[in-house]
Amino acid sequence: EEYEETSSRHEFLSTQLNDLRAAERSLSELIATLDAAMQTRFEATFQAVAVEFERSFEQLFGGGQARIFLTRPEGEQEDGAGMPLGVEIVARPPGKRNQTLALLSGGERALTAAALLFAILKVNPTPFCVLDEVDAALDEANVGRFRDALVDLSQQTQFLVITHNRGTIEAADTIYGVSMGDDSASRMLSVRLEELGV
């Protein structure tokens, strides 16, 4: 009786162990399939963003060139998922030589970051995007090109832009603000420019 009981228990546990091993193999295959699919999709999306980034950079700077590419640290292959470990941006604003992002001025970095964001939005549009003082470091000429790019992208993405820049505000359909009244109390303002015929 003990033998039969122990044998039955052993058979049950062996079946359970075999099921677990089969599930492990199945999960490993699924993970490998998903990793391959994610890597393929990532590479395709990255290439599309890289192409759009070059266009956006040229539009925002009124010329020049920029590239974005994947990097790996020296001597390392790939991480466990088979993905590259870094992204590098090399930019050449008009009249300058190729530089990494760290060597650009504050305004050039802001405009390069905007070019990358706009490239991502062109490849994978979102319903809305919030930009907070992105244009603060830009001069008037660059603000004009930034504004034009916002207008172009506003056909597919609604932008909420927090700014103090008069040039960027000109692209708005609706303006919200805070003003101080005669009684020194803050009050909220909202203006729909189309209602004013502007």
Side-chain angles (χ1 to χ4, degrees), residues 26-139 141-163 167-168 171:
S26 176
L27 285 173
S28 294
E29 290 170 8
L30 179 62
I31 288 169
T33 302
L34 287 174
D35 281 346
M38 286 188 305
Q39 184 168 357
T40 301
R41 185 160 180 189
F42 172 79
E43 288 171 358
T45 302
F46 186 85
Q47 292 307 318
V49 168
V51 169
E52 284 299 331
F53 174 63
E54 291 176 20
R55 289 183 192 140
S56 293
F57 184 90
E58 192 172 325
Q59 177 189 6
L60 287 174
F61 277 88
Q65 292 179 321
R67 288 184 315 116
I68 183 172
F69 52 92
L70 301 173
T71 62
R72 291 183 182 87
E74 287 290 322
E76 289 193 31
Q77 296 297 317
E78 297 178 340
D79 69 7
M83 300 291 271
L85 299 171
V87 175
E88 185 75 30
I89 296 175
V90 175
R92 186 181 59 78
K96 294 191 174 183
R97 59 184 174 81
N98 278 346
Q99 299 177 32
T100 61
L101 196 57
L103 298 176
L104 297 174
S105 70
E108 290 168 340
R109 272 191 296 227
L111 214 52
T112 302
L116 181 58
L117 175 64
F118 292 166
I120 292 169
L121 289 174
K122 285 179 186 175
V123 170
N124 191 11
T126 60
F128 66 91
C129 178
V130 179
L131 301 175
D132 185 4
E133 296 290 348
V134 173
D135 57 352
L138 304 181
D139 61 13
N142 289 329
V143 166
R145 289 190 294 270
F146 176 79
R147 180 186 60 236
D148 294 343
L150 276 178
V151 171
D152 288 345
L153 279 169
S154 67
Q155 305 303 316
Q156 63 189 23
T157 300
Q158 182 177 3
F159 287 94
L160 176 62
V161 182
I162 301 165
T163 184
T168 304

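For the numbers below, each heavy atom of this structure counts, side chains included, while hydrogens, waters and symmetry mates do not. From a predicted model like this one, the values you see are computed outputs, not experimental measurements.
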| query | Excluding sequence neighbours, so at least two apart, what forms side chain to side chain contact (heavy atoms under 4.5 Å, CB included) with D148? | reply | none
| message | When you measure from the side chain of R147 to the backbone of A171, do you find a donor-acceptor pair of N or O atoms at a distance under 3.5 Å? | response | no
| said: Could you work out, with side-chain hydrogen bond (donor to acceptor under 3.5 Å, both in side chains) as the rule, every residue matching D139, not counting sequence neighbours? | reply: N142
| request: Compare every heavy atom of G107 with every heavy atom of L138, then report the nearest pair and how far apart it is. | output: CD2-O, 3.5 Å
| By salt bridge (charged side-chain N to carboxylate O under 4.0 Å, His left out) - contacts of E54 (at least two apart) | none
| Which value, rounded to the nearest 0.5 Å, describes the distance between L117 atom CG and L153 atom CG? | 8.5 Å
| Spacing of L60 atom CG and L116 atom CG [to the nearest 0.5 Å] | 11.0 Å
| Residues E88 and R67 bridged, charged N to O under 4.0 Å | no
| field | Partners meeting salt bridge (charged side-chain N to carboxylate O under 4.0 Å, His left out) with R109 (sequence neighbours left out) | value | none
| message | Is there a side-chain contact between I89 and F69 in this structure, where contact means two heavy atoms from C-beta onward sitting under 4.5 Å apart? | response | no
| remark: Rounded to the nearest 0.5 Å, the CD atom of E58 sits from the CZ atom of R92 at a distance of 9.5 Å
| remark: Those residues at least two apart in sequence (or on a different chain) that pass salt bridge (charged side-chain N to carboxylate O under 4.0 Å, His left out) with R145 are none
| Side-chain H-bond candidate by donor/acceptor type, E29 with S26, under 3.5 Å | no
| request: Sequence neighbours left out, what passes side-chain hydrogen bond (donor to acceptor under 3.5 Å, both in side chains) with T157? Give chain and number order. | output: none
| said: Suppose we screen for ring pair (Phe, Tyr, Trp, His ring centres under 6.0 Å). Which residues come up paired with F61, at least two apart in sequence or across chains? | reply: F57
| Of all heavy-atom pairs between G64 and P94, which one has the smallest distance, and what is that distance? | N-CG, 3.8 Å
| field | Check against side chain to side chain contact (heavy atoms under 4.5 Å, CB included), L101 and T112 | value | CA-CA 8 Å; L101 196 57; T112 302; 3.7 Å; yes
| Taking only residues two or more places apart in sequence or in another chain, which ones pass side-chain hydrogen bond (donor to acceptor under 3.5 Å, both in side chains) with R55? | E52
| request: Report the residues that fulfil side chain to side chain contact (heavy atoms under 4.5 Å, CB included) with V87, sequence neighbours left out, ordered by chain and then residue number. | output: F46, I68, L70
Identify each donor-acceptor pair in which a side-chain atom of residues 128-136 lies under 3.5 Å from a protein atom, sequence neighbours left out, and give them as a table.
from, atom 1, to, atom 2, distance (Å)
E133, OE2, H164, ND1, 2.6
D135, OD1, T163, OG1, 3.1
D135, OD2, T163, OG1, 2.8
D135, OD2, T168, OG1, 2.4

| Any side-chain donor near an acceptor of the partner, Q39 and E43, under 3.5 Å | yes
| field | Shortest non-hydrogen separation from L121 to Q156 and the atoms involved | value | O-NE2, 3.2 Å
| Those residues that, when tested against D152, pass side-chain hydrogen bond (donor to acceptor under 3.5 Å, both in side chains) (two or more places apart) | Q59
| For S154, which residues count as a side chain to side chain contact (heavy atoms under 4.5 Å, CB included) partner, sequence neighbours excluded? | F159
| request: Ignoring hydrogens and angles, tell me if any N or O in the side chain of Q47 forms a donor-acceptor pair with the backbone of A44 under 3.5 Å. | output: no
| query | Tell me, do K122 and S56 make a side-chain contact under 4.5 Å, heavy atoms counted? | reply | yes
